Amino acid sequence: MRAAAKLTGLTALAGGSFLVGTQVSNDWSPLNRLQSATAVAPAPMPPMPTAVPVGGKEIIGPSRASQIMVHGFPGFDNLRTFEDFVLSYDRRTKTAHWVCEHLTPDRLEYDPSVDRAKCAFRSDESMHAYFRSDNTDYKGSGYDRGHLAAAGNHRRTQNAVDQTFLLSNMSPQVGKGFNRDKWNDLEKHVRKQTKKCVNLYVITGPLYLAKKEGDGNLYVKYKVIGKNQVAVPTHFFKSLLIERRPGEFEVENYLMPNEVIPDSVPISSFLVPQEMIERSGGFLLFEKLDKKKLKLVNGKAGGWW
DNA sequence: TTTACTGT
C-alpha cells in the first residue's frame, strides 16, 4: 500500500502530522515550508511557433522541437532548440528559466555506443559573453553542475547527450544529498514512468522562492557563485505530463528545495499544486493540453490542477 | 545505474 509506506517513512523522519487522502502534509512538503508569493493574474500566451530549426538545420515537416513543445511553450525568452530538448535561458541568473523534454519508451533504449564519459561540461557559446556561465564559476563553489535536462534521458545519439552538458542546461545544485541522491531519484522516476506510457513530456527548472525573515517580511534571497555570479536556486521543479494511453493524460508536479534531503523521504512528499510552480516561476505549464483529457493529477482523479 | 566532486 503506497500511502502506508509513505506514512511510515515520514513519521519516522519527522514525527509530524500527516493527512492521508487530502494533500501531502509533512515537514518536507513545500506547502508547509514556503510562504507563497502574492498572486499575479496570468496573461494569455502568444501562439506557438509552428516550425523551429533543430540543431541549426532547417527540417522539412514537423520538427523535433515542435513535437517536444506540442503542449505549449512556458515562455519565449532566449529559446534554444537542441537535438532532443528545448531550453529558455535567463540572462540575469545565468541559468535556464525552464527546459522541456519529450520522452518515449523507445527513445530510452540503451545504446552502448553512446557514452556519458565522452561528454564535457562546457560554456554555451550561443549566449552573449556577459550572460553565460563557465566551469570556473562552479569550481570550488561547493555546488554540482546539475543537469536540468538529464543526460540519462538523451542517450539516442552522442550529439544529443553532449548537448545536455552545455552549461546553459546546468544549475548550481547541492551535490551529495540532492543532485546525486533525491533529485536523481526523481529523474529515475521519470524514466521509469516513460517505460509505462506512450509519451512523457517533462518541464524542469529552477525557482527562487520567497522566505520569511526575522523582521516578518518575505524576501527572495539567493546566493550567486563565481565571477559570472551564477544564481543558486532555492528550489527546483519538475512537471511531468504523462500520456498513459493515447489521448489519456496524467500530471505530476514536484518541487524540491536545493538542500540535503534525507534518503528516507519519498519523492511523493514533494508533490505540489501546479499553480504553485506557475505563480512563482512566472509561466504556465502544458497550457495547450485539453484538461478534459486529464485523468490524474498528482496521483489523484478529479483535479488539483 | 546515474549523479557528479575533489584530490592525486
Side-chain angles (χ1 to χ4, degrees), chain A residues 28 82-85 87 94-96 98-99 101-124 133-196 200 202-207 223-228 230-238 240 252 254-270:
Chain A
W28 281 95
F82 296 109
E83 181 175 320
D84 209 31
F85 69 102
L87 176 150
K94 273 67 75 176
T95 183
W98 51 264
V99 306
E101 302 162 82
H102 166 234
L103 309 177
T104 62
D106 61 306
R107 285 184 169 277
L108 285 188
E109 274 177 22
Y110 183 69
D111 178 350
S113 73
V114 175
D115 186 0
R116 178 193 169 107
K118 294 176 190 162
C119 300
F121 292 97
R122 60 197 190 282
S123 236
D124 186 340
S133 64
D134 62 45
N135 284 321
T136 66
D137 294 322
Y138 286 85
K139 188 154 182 73
S141 70
Y143 293 92
D144 278 9
R145 294 166 290 192
H147 283 71
L148 296 174
N153 293 350
H154 304 282
R155 310 187 91 267
R156 254 206 158 191
T157 69
Q158 191 65 43
N159 183 54
V161 70
D162 279 343
Q163 288 181 335
T164 71
F165 280 76
L166 288 166
L167 292 185
S168 51
N169 183 45
M170 302 296 156
S171 277
Q173 289 185 328
V174 168
K176 196 167 160 35
F178 186 75
N179 181 39
R180 307 176 202 178
D181 296 293
K182 196 55 63 187
W183 183 254
N184 188 27
D185 290 346
L186 182 54
E187 292 178 339
K188 287 190 276 195
H189 171 72
V190 170
R191 287 190 285 272
K192 191 173 174 183
Q193 288 296 313
T194 299
K195 288 167 188 167
K196 299 189 290 185
L200 190 148
V202 54
I203 304 178
T204 306
L207 291 174
K223 182 153 61 171
V224 295
I225 57 169
K227 68 178 192 304
N228 292 308
V230 183
V232 180
T234 64
H235 293 72
F236 292 92
F237 74 91
K238 199 178 271 296
L240 285 59
E252 295 180 1
Y254 294 91
L255 175 61
M256 285 189 181
N258 188 15
E259 53 189 84
V260 174
I261 299 170
D263 285 343
S264 57
V265 182
I267 60 169
S268 59
S269 302
F270 302 98

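So you know, we letter chains A, B, ... as the sequences are listed, proteins then strands, and number each from 1. Computed from heavy atoms alone, side chains included, the values below leave out hydrogens, waters and symmetry copies. These numbers come from a predicted model, not from an experiment.
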Atom pairs under 3.5 Å: protein N/O with N/O of nucleotides 5-7 of chain B:
| from | atom 1 | to | atom 2 | distance (Å) |
| --- | --- | --- | --- | --- |
| B:dC5 | OP1 | A:Arg145 | N | 3.1 |
| B:dC5 | OP1 | A:Arg145 | NE | 2.8 |
| B:dC5 | OP2 | A:Arg145 | NH2 | 2.8 |
| B:dC5 | O4' | A:Arg180 | NH2 | 2.7 |
| B:dT6 | OP1 | A:Gly140 | N | 3.4 |

Residues forming a salt bridge (Lys or Arg N to Asp or Glu O under 4.0 Å) with A:Lys238, sequence neighbours excluded | none
In whole angstrom, what separates [X]'s [atom1] from [N]'s [atom2]?
X        : N     : atom1 : atom2 : result
A:Asp181 : B:dT3 : CG    : P     : 13 Å
A:His189 : B:dT3 : NE2   : C1'   : 18 Å
A:Asp115 : B:dT3 : CG    : P     : 12 Å
A:Glu187 : B:dT1 : CD    : P     : 17 Å
A:Lys182 : B:dT2 : NZ    : C1'   : 14 Å

Enumerate the residue pairs fulfilling salt bridge (charged side-chain N to carboxylate O under 4.0 Å, His left out) with a member in residues 134-153 of chain A, sequence neighbours excluded, ordered by first and then second residue.
->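 Qualifying pairs, neighbours excluded: A:Asp134-A:Lys227, A:Asp144-A:Arg180.
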Sort and list the pairs that fulfil salt bridge (charged side-chain N to carboxylate O under 4.0 Å, His left out) and have at least one residue in residues 148-164 of chain A, not counting sequence neighbours.
-> A:Asp106-A:Arg156
State which residues pass side-chain hydrogen bond (donor to acceptor under 3.5 Å, both in side chains) with A:Arg122; sequence neighbours excluded, sorted by chain then number.
-> none
Does a side-chain heavy-atom distance below 4.5 Å link A:Asp181 with A:Lys176?
-> yes
Under the side chain to side chain contact (heavy atoms under 4.5 Å, CB included) test, which residues partner A:Lys192, sequence neighbours left out?
->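 Scan of A:Lys192 (side chain to side chain contact (heavy atoms under 4.5 Å, CB included), adjacent residues dropped) gives none.
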Pairing residues for A:His154 by the ring-ring contact (aromatic ring centres under 6.0 Å, His included) criterion, not counting sequence neighbours |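 By the ring-ring contact (aromatic ring centres under 6.0 Å, His included) rule, A:His154 matches A:Phe85.
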With sequence neighbours excluded, residues passing ring-ring contact (aromatic ring centres under 6.0 Å, His included) with A:Phe165 |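 A:Phe165 satisfies ring-ring contact (aromatic ring centres under 6.0 Å, His included) with A:Phe121, A:His147 once adjacent residues are dropped.
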Positions of residues 167-179 of chain A (non-hydrogen atom under 4.0 Å from DNA chain B), listed by number | A:Asn179
